[in-house]
Amino acid sequence: MAAAAALAAADPPPAMPQAAGAGGPTARRDFYWLRSFLAGGIAGCCAKTTVAPLDRVKVLLQAHNHHYKHLGELMDAKGMTAVICTYPLDMVRVRLAFQVKGEHTYTGIIHAFKTIYAKEGGFLGFYRGLMPTILGMAPYAGVSFFTFGTLKSVGLSHAPTLLGRPSSDNPNVLVLKTHINLLCGGVAGAIAQTISYPFDVTRRRMQLGTVLPEYEKCLTMWETLKYVYGHHGIRRGLYRGLSLNYIRCVPSQAVAFTTYELMKQFLHLN
């Protein structure tokens, strides 16, 4: 949902000409934000589905699960609201993803919700790690959209025939070809993840809470950063799992940006 809100907020509604009767440009504009969020939501779902298995392995690496020791969205108020509303679901997802066969703390989603609520401070227990999440959103979303927008603008300006094609919903608007969209989205995701990755590691460790033995040493964001850096350093701590994350985030962002661009044409957002 955070990705969907970020994508939807990235492009403000274009200026529209005067109404040309029922069903004309003005009528379409009335539902611009609804259609924009729909496009962002579909893009986010496609991206998450593409990399779900890799996302689980990344969680295991970030939190140093002992079974895997040998392995080495310019967000606005809408985006913030989406993150806060869906954060408990992300918390439970991470807890379940960290479990390995034979060491199950939770039997399922409902059991995880009940256990966290009962043993980790009630409702507030579902929001461990929210601070690094919010702090990491700005550099990730900002760098991601800036990089994609820059690559798109430069590409269409210098090689419009080679890289671009007319939009299916507005022939006067030039859009990137699908394979170029995938490439630009992947590059944007890789750069953004590199910059914001330590916040992601911190968030995941805080979300795991009592599952980790060092739980009491990582109660706040700064304690967690200090613990990870002090015990594991930069490469094996703050950036552990980054190489796998490239494999995960590059296709994820490529699919997200490409799907969003296609949905914009399908829903007449250009």
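Because the structure is a prediction, the values reported are computed rather than measured. Each residue takes its place number in the sequence, starting with 1.
Summarising the local packing, CD1 of Ile234 is surrounded by 12 or fewer heavy atoms from other residues, nucleotides or ligands at distances under 6.0 Å. Counting non-hydrogen atoms of neighbouring residues, nucleotides and ligands closer than 6.0 angstrom, the OH atom of Tyr117 reaches no more than 12 such neighbours. Residue Lys217 places its NZ atom among 12 or fewer non-hydrogen atoms of other residues, nucleotides or ligands, all under 6.0 Å distant. Residue Leu219 places its CG atom among more than 12 non-hydrogen atoms of other residues, nucleotides or ligands, all under 6.0 Å distant.
In this structure the side chain of Met131 never reaches within 4.5 angstrom of the side chain of Trp222, judged on heavy atoms. Contact of the Ile134 side chain with the Leu130 side chain is registered, since non-hydrogen atoms from C-beta on lie closer than 4.5 Å. Taking the side chain as every heavy atom from C-beta outward, Arg204 and Asp90 approach each other to under 4.5 Å. Using a 4.5 Å cut-off on side-chain heavy atoms (C-beta onward), Leu225 and Leu238 make contact.
When all heavy atoms of Ile195 and Tyr239 are compared, the closest pair comes out as O-OH, 4.4 Å. The two atoms that bring Ala254 and Thr258 nearest to each other are O-OG1, 2.7 Å, heavy atoms only. Minimum heavy-atom separation, Ala188 to Thr147: CA-CG2, 3.7 Å. Val94 approaches Gln207 most closely through the heavy-atom pair CG2-OE1, 3.2 Å. Between Gly136 and Ser196, the shortest heavy-atom distance links the atoms O-CB, 3.9 Å. Nearest heavy atoms, Gln193 versus Cys249: CG-SG, 3.3 Å.
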Could you walk me through whether Val175 and Lys264 pass the side chain to side chain contact (heavy atoms under 4.5 Å, CB included) check? CA-CA 11 Å; Val175 297; Lys264 282 173 61 180; over 6 Å; no
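A distance of 10.5 Å separates CD in Glu223 from CD in Glu216, rounded to the nearest 0.5 Å. Here CG of Leu208 is found 10.0 Å from CD of Gln99. Values are rounded to the nearest 0.5 Å. Atoms CZ and CZ, from Phe98 and Arg205 in turn, are 8.0 Å apart once rounded to the nearest 0.5 Å. The line from OG1 of Thr202 to OH of Tyr197 is 10.5 Å long, rounded to the nearest 0.5 Å. Interatomic distance, NE2 of His179 versus SG of Cys184, reported as 10.0 Å (0.5 Å rounding). Residue Glu261 holds its CD atom at 16.0 Å from CZ of Phe266, rounded to the nearest 0.5 Å.
If you chain together hydrophobic residues whose side chains sit under 4.5 Å apart, Val92 and Leu212 fall into the same group. Residues Leu151 and Phe146 fall into different hydrophobic clusters, defined by Ile, Leu, Val, Met, Phe, Trp and Tyr side chains chained together at heavy-atom separations under 4.5 Å. In this structure, Ile191 is not a member of the same hydrophobic cluster as Ile247, with clusters built from ILVMFWY side-chain heavy atoms closer than 4.5 Å. Both Phe126 and Val83 are part of a single hydrophobic cluster, where members link through side-chain heavy atoms under 4.5 Å apart. Tyr215 is not connected to Val228 by any chain of hydrophobic side-chain contacts under 4.5 Å among Ile, Leu, Val, Met, Phe, Trp and Tyr, and they are in different clusters.
For the side chain to side chain donor-acceptor pair (under 3.5 Å) condition, the pairs that include at least one residue of residues 118-134, sequence neighbours left out, are Arg95-Glu120, Glu120-Thr210.
Between Phe257 and Phe148, the ring planes are parallel. Angles under 30° get that label, and only those over 60° would be called perpendicular.
Through chains of ILVMFWY side-chain contacts below 4.5 Å, Leu176 is grouped with Leu156, Leu162, Leu163, Leu174, Ile180.
Ring pair Phe113/Tyr106: centre-to-centre distance not below 6.0 Å.
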